[in-house]
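Some notes on the structure that comes next.
Everything numeric here is computed off the predicted structure, so don't read it as measured data. Position 1 is the first residue of the sequence, and the numbers go up from there.
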Amino acid sequence: MSHMRPVFYVSDGTGITAETIGHSLLTQFEGVEFDTRRIPFVDSLDKARAAARTIREAGERVGKQPIIVNTVVDSQLIEALAESGALMLDVFTPFIQPLEKILGVKRQPRVGHAHGMVDFAAYERRIDATNYALSHDDGIDVHYDDADLILVGVSRSGKTPTCLYMALHYGVRAANYPLTPDDLEESELPKRLRPHRKKLFGLTIDPVRLQQIRQERKPDSRYATLEQCRREVAAAERLFRQEGIPALSTTHTSIEEIASKVLASLGIHRHMF
């Protein structure tokens, strides 16, 4: 039986905003264990009451007051959620009054409105960038003239998820190139990357972590031995230093942080929305 504190991210939209903010808050409290769950699309009274029941029962099960991180905007729905007896953390509430005051305009709470601000040009750019990332993944297509940046690193060092994250969130055309053992033996930049030196960013990783990831992918292969991982990582890091390529270790770094650092390092300024 779990005795972790139940936390619910509740939203009238996807719940991603509530979860992102909630996660940032909870990580401030070391040594406390949380059982987190997202309840999205709470956009009617029935759904709010059902969510409140679920949340109340979760609290009763472990004998602890649950926490709701809430981005629902309809006050009626918020009241229904509060029936759960949870501690209510309303993400938008602290900011509404000061904003109304300075803007001289009252808010117009519309359900799901935060998620409905669609800039079609930005949306198209993201879809285009995502397609670009997929077609330029792992050196499939090495025509990099249109790339905003190219991530370089050994196999399984986190290049693909980072490229996709940057494409989806920032509309950045991110390609990636895997450094093969053959490339690393050359101990110089692969020929096809040389014309794009200014777009390159290196990802590296702790060899022990790399070995775990590769072992899951190809158990007991030479590719997954610790010795091979150490050799490849050392050669890749040597190459980055020698060629003056900015680099970052992905071992203990979230994808969000990697993406931000890559974009900042290459001087690419894009907004999330």
For this session: Return each pair, listed once, that meets ring-ring contact (aromatic ring centres under 6.0 Å, His included) where at least one residue sits in residues 194-244; pairs must be two or more places apart or across chains.
Result: Tyr144-His196

Problem set entry | Passing option when Tyr177 is tested against Asp183, Asp137, Asp138 for side-chain hydrogen bond (donor to acceptor under 3.5 Å, both in side chains) | Asp183

Seminar exercise, completed: All heavy atoms of Ala80 vs all of Arg49, minimum pair found to be CB-CG, 4.4 Å

Problem set entry | Donor-acceptor under 3.5 Å (Lys199 side chain, Asp145 main chain) | yes

For this session: Check step by step if salt bridge (Lys or Arg N to Asp or Glu O under 4.0 Å) holds for Glu33 and Arg5.
Result: CA-CA 6 Å; Glu33 292 197 1; Arg5 171 82 57 179; over 6 Å; no

For this session: Please check if the side chain of Gln215 supplies one atom and the backbone of Asp220 the other of a donor-acceptor pair under 3.5 Å.
Result: yes

Exercise. What closest approach, in Å, do Phe8 and Ala58 show between heavy atoms, and which atom pair accounts for it?
Worked result: CZ-CB, 3.7 Å

Exercise. Taking NZ, NE, NH1 and NH2 as the nitrogens, is one of them in Arg107 or Glu100 under 4.0 Å from a carboxylate oxygen of the other?
Worked result: no

Exercise. In the single-linkage hydrophobic clustering (I, L, V, M, F, W, Y; side-chain heavy atoms under 4.5 Å), do Leu26 and Val32 co-cluster?
Worked result: yes

For this session: Indicate the atoms forming the closest heavy-atom contact of Ala175 with Cys163, along with that distance.
Result: O-SG, 3.5 Å

Exercise. How many angstroms lie between CZ in Arg214 and CG in Leu226, if you round to the nearest 0.5 Å?
Worked result: 11.0 Å

Exercise. Should we count CG of Leu103 as having more than 12 external heavy atoms under 6.0 Å?
Worked result: yes

Exercise. Should we count CZ of Arg56 as having more than 12 external heavy atoms under 6.0 Å?
Worked result: yes

For this session: Could you go through the side-chain contact (heavy atoms from CB on, under 4.5 Å) check for Asn176 and Val152 one step at a time?
Result: CA-CA 6 Å; Asn176 76 67; Val152 187; over 6 Å; no

Exercise. Hey, does Met88 have a side-chain heavy atom less than 4.5 Å from the side chain of Ile78?
Worked result: yes

Problem set entry | Nearest heavy-atom neighbours spanning Pro181 and Glu232 | CG-OE2, 3.8 Å

Exercise. Does Arg270 CZ have over 12 foreign heavy atoms under 6.0 Å away?
Worked result: yes

For this session: Begin with the C-alpha distance, continue with both residues' side-chain angles, and end with the deciding distance and a verdict on side-chain contact (heavy atoms from CB on, under 4.5 Å) for Tyr165 and Ile258.
Result: CA-CA 10 Å; Tyr165 180 87; Ile258 297 165; over 6 Å; no

Exercise. Passes side-chain contact (heavy atoms from CB on, under 4.5 Å), Val62 versus Met4? Steps please.
Worked result: CA-CA 7 Å; Val62 296; Met4 296 190 281; over 6 Å; no

Exercise. Would Phe95 and Ile102 show up in the same hydrophobic cluster when neighbours are defined by side-chain heavy atoms closer than 4.5 Å?
Worked result: yes

Exercise. Do Ile140 and Leu179 belong together in a cluster built from hydrophobic side chains that touch within less than 4.5 Å?
Worked result: no

Problem set entry | Salt-bridge present (Arg61, Glu57; N to O < 4.0 Å) | no

Exercise. Should Val154 and Leu184 be marked as a side-chain contact (heavy atoms from CB on, under 4.5 Å) after you check the CA-CA gap, both sets of side-chain angles, and the distance that decides it?
Worked result: CA-CA 9 Å; Val154 301; Leu184 294 167; 4.1 Å; yes

Problem set entry | salt_bridge(Arg53, Glu83) N-O dist < 4.0 Å | no

Exercise. Is there a path of hydrophobic side-chain contacts, each under 4.5 Å between heavy atoms of I, L, V, M, F, W or Y residues, that connects Leu266 with Leu263?
Worked result: yes

Problem set entry | Spacing of CD1 belonging to Ile205 relative to CG belonging to Leu248, to within rounding of 0.5 Å | 11.0 Å

Exercise. Counting only N and O atoms by type, is there a donor-acceptor contact under 3.5 Å from the side chain of Gln65 to the main-chain atoms of Gly85?
Worked result: yes

Exercise. For Glu124, does the CD atom have more than 12 heavy-atom neighbours from other residues, nucleotides or ligands under 6.0 Å away?
Worked result: no

Exercise. Just wondering, do Val233 and Thr204 contact through their side chains at under 4.5 Å, heavy atoms?
Worked result: yes

For this session: Return yes if some donor-acceptor pair links the side-chain N/O of Arg209 with the main-chain N/O of His252 below 3.5 Å, else return no.
Result: no

Exercise. Any link between Ile21 and Phe92 through a network of hydrophobic side chains (Ile, Leu, Val, Met, Phe, Trp, Tyr) touching at under 4.5 Å?
Worked result: yes

Problem set entry | Side-chain donor or acceptor of Ser11 paired with backbone N/O of Ala18 under 3.5 Å | no

Exercise. Should the pair Arg173-Asp148 be classified as a salt bridge under the 4.0 Å nitrogen-to-oxygen rule?
Worked result: no

Problem set entry | Main-chain N/O of Asp206 paired with Thr251 side-chain donor or acceptor, under 3.5 Å | yes

For this session: For residues Leu239 and Leu189, report the shortest heavy-atom separation together with the two atoms involved.
Result: CD1-N, 3.7 Å

Exercise. Which pair of heavy atoms, one from Ile68 and one from Ser84, lies closest together, and at what distance?
Worked result: CD1-OG, 3.6 Å

